[in-house]
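Residue numbers begin at 1 in each chain, while the letters A, B, ... track the order of the sequences. Nothing here was measured: the structure is a model prediction, and the numbers come from that model.
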Amino acid sequence: MLLAKETGQTDSKQWQPKIVAFFCNWCTYTAADLAGVSRIKHAPNIRVIRVMCSGRVDPQFILDAFAKGADGVLIGGCHPGDCH
Amino acid sequence: MPDKPKLAFYWCAACGGCEESVVDLAEDILFVVDNVDIIFWPVGMDFKKSDVEKYADGEIVVSLINGAIRSSEQQEMAELLRRKSKVVIAYGACAQYGGIPGLANEFEKEEILKWVYEDSPSTHNEDKVRPLLKYKDNGTEVYLPELWNVVRPLDRVIDVDYYIPGCPPSSKLLKEAVLVLLSGKLPPKGTVLAPDIALCDECPRKDTKPTDLAFKEFLRPNLNNIDPDKCILSQGFVCMGPATRSGCGALCVSGNMPCTGCYGATSRVKDQGAKILSSIASNVEAKTEKDIDNTLKGIPDPVGTFYRYSLAGSILRKKVNI
Ligand code: SF4
Ligand code: SF4
Ligand code: SF4
């Protein structure tokens, strides 16, 4: 999401990174959902995978994502100390 | 009387320890030679490549290949044995995962050659002579095998039927494997011929392993004493037991040293290094980045610690761009 803004690349012909995002069910996923409901524009190059907690993200998932062709991995959890 | 099944042993990028484990069969080797015909074993017997070439495809019943693949010669021999054998077994950590030679994947080929032939303290080579692939003298041409850029486990080069883990595998595993093969009841292809549970399960210290670990610091066995009665990981030494397959009988722990992970991972783990990294990192007590960095200073070589045997076969495989 940030990325599209930072690089100013919205032209679909330009290279776009594929980003695998692991979102925790409680904060990040809910926030992404809310952003959608509120019709806030997202960059489309993010593939969201919902996990019950960011603590569930095993380093093997991250390596696997890169090995299968992801250009970046984003992990979203709750604020430190705010875990559900 | 029908011929006995033919068996071949071969070594690639290996240290010789796997061969030693065959010799360690001691009197059981007599049982092996009673039941099979060893038709190729460069370390122990005088056979040549041409002896292997004369067999029909698939005529050798089993080839046990140890060592990783990092040269043209090793690849050629692995391909030849594959063609001539019904079953190929990757024998030992180097063949299964790349093993210790696989750590060379942290360096470029040129860095390795420069160190070995020029810079290492024991080298005196003022003319900077390097081995040539081809050399002609008096009309005779001699060749050397080519070193590849990366070290690969055996199954990245040829089709492998079974794996016997360990650095080296215990003779017990080898004997059991030979018995299974002789029985004709072959397990499904791809099976690792060792128990599929974590080493902690057969560790004599498992009852002293707390369910909750909280690492304040990491210690190194060369600098600190290990309490011989308590779980080694709980004392702050990296013990790979939780991420390693059992089968060795917890050999190193019995000798009061941490497990370094030579039996590789169980079938449920895809990347042994990432697995132990995950369990260790999530049990570090420190919470701020600075304190975490301080705690992790006790592990100065994470790749060599967590991926000591498995780097070349892991998801990481090698340093980027080599
Ligand atoms: S697995 Fe270990 S013992 Fe066997 S060849 Fe490799 S380094 Fe040597
Ligand atoms: S971590 Fe090591 S010492 Fe502790 S129980 Fe497991 S294998 Fe044994
Ligand atoms: S304790 Fe670990 S390193 Fe030692 S032989 Fe067993 S699996 Fe290998």
A/Gln60 side chain to B/Ala274 backbone, donor-acceptor under 3.5 Å: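 Not a single qualifying donor-acceptor pair exists.
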Shortest non-hydrogen separation from B/Ile315 to A/Leu63 and the atoms involved: CG2-O, 3.5 Å
Closest heavy-atom pair and its distance - B/Lys275, A/Asp58: NZ-OD2, 3.1 Å
[X] [atom1]: over 12 foreign heavy atoms closer than 6.0 Å:
| X | atom1 | answer |
| --- | --- | --- |
| A/Arg56 | CZ | no |
| B/Glu110 | CD | yes |
| B/Lys319 | NZ | yes |
| B/Lys290 | NZ | no |

